[in-house]
Amino acid sequence: MAERKESWTSLASLLGTLAFCQTFLQTFLQVVLPPELRHASLKFLTRALRCFSSYCYFDVAEMDGVNTNELYNAVHLYLSSFASTSASASRLSLTRARNSSVTTFGLSSNDSIADVFNGVAVQWEHAVTQRQSQPSSWRSVPDEKRGFTLRIKKRDKDLILNSYLDHIMDKANDIRRNNQERLIYTNSRGSESRGRPWEAVPFKHPSTFDTLAMDPEKKRDIMEDLRDFAAGQAFYQRTGRAWKRGYLLYGPPGTGKSSMIAAMANFLGYDIYDLELTEVPSNTELRKLLMKTSSKSIIVIEDIDCSVNLSNRSKAPKAPPPQSYSAPDASNAASGGKDWNNNTMTLSGLLNFTDGLWSCCGSERIFVFTTNHIDKLDPALLRSGRMDMHICMSYCSYPALEILLHNYLGSEGEDLSEAAASELREAVEKAKMTPADISEVLIKKRRNREKVVSELLEVIKARAEGKEEYGGLREKCESNGVEEEEQEKRALESPQRSQRP
Ligand SMILES: Nc1ncnc2c1ncn2[C@@H]1O[C@H](COP(=O)(O)OP(=O)(O)OP(=O)(O)O)[C@@H](O)[C@H]1O
Ligand SMILES: [Mg+2]
């Protein structure tokens with residue numbers, strides 16, 4: 001009896017040692033075996049050893065089907081936060097994006113790092129393998145297959161696995177929010193064939209809601225709305241709504257639409273996907289791009305009225321005859337089957353992009369469209385429920401001017417005499433100058449600090465009295481935005497609308 005027990009103990013310890021030596025064995029076999037036997041033998045060895053091991057393993061692949069695996073990104077961020085100080089990581093990869101001032105530490109391929117959570121020791125390994133070529137694949141994929149493998153003692157698995165993964169997600173979110181460097185992605189034709197449909201650079205726009213010159217009450221509403229959105233996971237879940245929100249920013253050039261997008265990204269700590277519609281050849285490509293965006297991001301389409309001809313919804317080709325009927329894909333189903341042609345970019349393709357079933361392939365996403373000409377937009381884009389909030393960015397009002405004075409002149413800009421303040425108030429409401437115009441004057445004149453306010457007043461008065469010609473859109477946009485709201489109403493009631501399918 002004692003003999004049998006002893007032999008079991010020896011077997012267990014042998015297998016334990018084998019499991020420990022697994023990495024060495026794998027490397028050894030890779031060198032020794034011919035390529036055709038290598039894959040199968042390694043698979044067999046790994047399975048056999050894992051059966052007897054006291055550990056269990058969890059793979060976190062970079063790609064989850066066609067989507068990026070959020071957990072992979074979170075683990076990467078989480079591990080990079082302590083990789084540089086960990087004694088267990090023997091080899092680290094260092095990356096610094098172009099124009100970035102931040103160095104990111106990462107695990108080199110096939111290196112591992114130890115972590116402790118609630119007193120339980122775990123180990124992460126970064127596995128990078130060359131992907132076998134897939135000539136018939138309908139989509140291009142990166143050359144390398146990346147993933148993390150988490151190793152936990154079997155007896156600890158139930159104790160910590162779920163809470164540990166939640167901890168990693170929370171930590172990664174914190175790191176993202178605190179990290180001042182967001183990314184701005186853009187798409188270009190052909191980048192899909194390189195396996196990365198979006199190209200990213202660090203986003204360093206300094207615009208914030210503090211520096212944004214606009215009516216403070218309106219600003220507060222927008223900030224409140226964004227805050228509610230970011231904290232609204234439970235609400236969206238409970239009400240059965242997709243966790244996304246749409247904003248339409250409209251108004252003349254130079255009123256701060258792009259600055260507002262930057263302020264939103266900095267406020268929420270989200271990345272920006274600046275979608276260049278002219279570079280998207282078809283609805284199918286548009287959907288693929290959408291699938292490759294991550295959560296906690298703002299997807300922006302600037303100047304939507306001039307990007308592509310999007311009033312072609314009614315001109316979309318008719319449904320094919322029944323004999324050639326094939327089941328509409330999810331995007332067509334979502335649009336009620338209006339758009340049968342996925343080889344071109346159409347308005348219904350774009351509407352599906354924001355509203356359809358595919359728009360929910362990620363979560364916590366904001367869509368922002370901007371336009372200088374709200375009256376030129378297809379009413380389908382303005383319909384209530386399409387974009388949750390329509391925000392008019394308009395000419396500089398006095399409260400907005402006060403913010404600009406504070407931005408450019410600091411306390412000197414705030415300490416105006418009563419007389420100067422009331423003159424400025426009266427003139428600026430009449431002048432219909434954009435914040436960009438006023439900023440330009442302040443930049444030019446700011447060196448002469450004693451005179452800057454009086455010189456600004458002169459310029460504003462001259463504009464108010466119509467002495468200086470500028471701004472083609474001035475007549476179209478009232479400083480309080482009333483006229484633009486009228487335009488929006490007219491666009492919604494336009495006869496075009498009733499002709500829509
Ligand atoms: N509301 C604002 N608050 C602060 N600065 C502003 C504001 N509007 C414009 N500016 C200044 O003017 C510059 C141009 O503004 P911005 O690009 O945001 O305007 P826009 O509305 O997006 O214009 P366009 O319609 O031409 O794209 C900014 O870099 C900023 O310095
Ligand atoms: Mg802009």
Side-chain angles (χ1 to χ4, degrees), residues 19 22-23 26 39 42-43 45-47 49-51 53-84 86 88-95 104-118 120-132 134 139 141-177 179 183 195-196 198 200 233 271 291-297 361-364:
Q22 183 181 346
T23 323
Q26 279 175 341
H39 185 63
L42 283 176
K43 215 165 151 186
L45 176 75
T46 312
R47 284 210 181 141
L49 289 175
R50 283 184 182 178
C51 275
S53 165
S54 55
Y55 291 101
C56 48
Y57 298 81
F58 298 91
D59 293 326
V60 181
E62 182 185 21
M63 301 300 291
D64 169 21
V66 290
N67 291 320
T68 307
N69 185 356
E70 290 288 321
L71 187 56
Y72 174 88
N73 290 337
V75 171
H76 179 71
L77 217 51
Y78 172 74
L79 295 181
S80 70
S81 70
F82 65 88
S84 61
S86 166
S88 66
S90 55
R91 193 180 186 129
L92 296 175
S93 68
L94 301 177
T95 44
T104 311
F105 294 90
L107 278 187
S108 288
S109 73
N110 304 323
D111 204 355
S112 54
I113 189 170
D115 188 23
V116 177
F117 179 70
N118 286 350
V120 173
V122 300
Q123 183 167 321
W124 285 99
E125 185 179 320
H126 192 209
V128 181
T129 50
Q130 284 295 315
R131 200 184 286 276
Q132 281 160 359
Q134 298 169 315
R139 67 194 169 88
V141 283
D143 296 340
E144 286 180 338
K145 201 171 157 189
R146 286 184 283 255
F148 289 103
T149 302
L150 170 65
R151 193 187 76 173
I152 309 183
K153 280 243 162 77
K154 279 179 181 160
R155 61 160 195 260
D156 296 329
K157 187 187 83 175
D158 295 337
L159 217 61
I160 64 152
L161 185 62
N162 287 335
S163 49
Y164 182 47
L165 295 180
D166 287 347
H167 167 74
I168 289 173
M169 291 303 282
D170 289 347
K171 205 74 203 237
N173 285 342
D174 284 350
I175 296 168
R176 257 187 219 117
R177 274 180 221 278
N179 179 1
L183 294 175
R196 303 234 170 239
W198 294 100
Q233 182 170 22
D271 291 332
M291 289 188 300
K292 298 274 171 66
T293 58
S294 57
S295 298
K296 292 185 187 295
S297 58
C361 59
S363 64
E364 205 177 341

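Start at 1 with the first residue, then count along the sequence. Here the structure is a predicted model, which is why all the values come from computation and not from measurement.
Atom-to-atom distance recorded for Leu150:CG and Glu125:CD is 11.0 Å, nearest 0.5 angstrom. Atom CG in Leu165 sits 8.5 Å away from atom CD1 in Ile160 (nearest 0.5 Å). Within the model, atoms CG of Leu161 and CD1 of Ile152 stand 4.5 Å from one another, a figure rounded to the nearest 0.5 Å. One distance of note links NZ of Lys145 with CE of Met63; it measures 12.0 Å at 0.5 Å rounding. Distance check: His126 NE2 to Ile113 CD1 gives 12.0 Å after rounding to the nearest 0.5 Å. Taking NZ of Lys292 as the start and CH2 of Trp198 as the end, the distance is 11.0 Å to the nearest 0.5 Å.
Lys153 pairs by the side chain to side chain contact (heavy atoms under 4.5 Å, CB included) definition with Ser54, Tyr55, Arg155, Asp156, not counting sequence neighbours. Taking the side-chain hydrogen bond (donor to acceptor under 3.5 Å, both in side chains) definition, one finds that Tyr164 meets it with Asp115, Trp124, sequence neighbours left out. Not counting sequence neighbours, the partners of Asp271 by the side chain to side chain contact (heavy atoms under 4.5 Å, CB included) test are Arg182, Leu183, Tyr185. Listed by chain and number, the residues in a side-chain hydrogen bond (donor to acceptor under 3.5 Å, both in side chains) with Ser297 amount to none (sequence neighbours excluded). For Gln233, the side chain to side chain contact (heavy atoms under 4.5 Å, CB included) test picks out Trp243, with sequence neighbours left out. Scored by the side chain to side chain contact (heavy atoms under 4.5 Å, CB included) test, Ala74 finds Ile168, Met169, Ala172 as partners (sequence neighbours excluded). The ring-ring contact (aromatic ring centres under 6.0 Å, His included) test applied to Tyr78 returns Phe82, His167, not counting sequence neighbours.
The minimum heavy-atom distance linking Ser295 with Glu70 is given by the pair N-OE2, 3.3 Å. Of all the heavy atoms in Ser163 and Phe117, the pair that sits closest is OG-CE2, 3.6 Å.
By the 4.5 Å heavy-atom criterion applied to side chains, Arg146 and Val128 are counted as neighbours.
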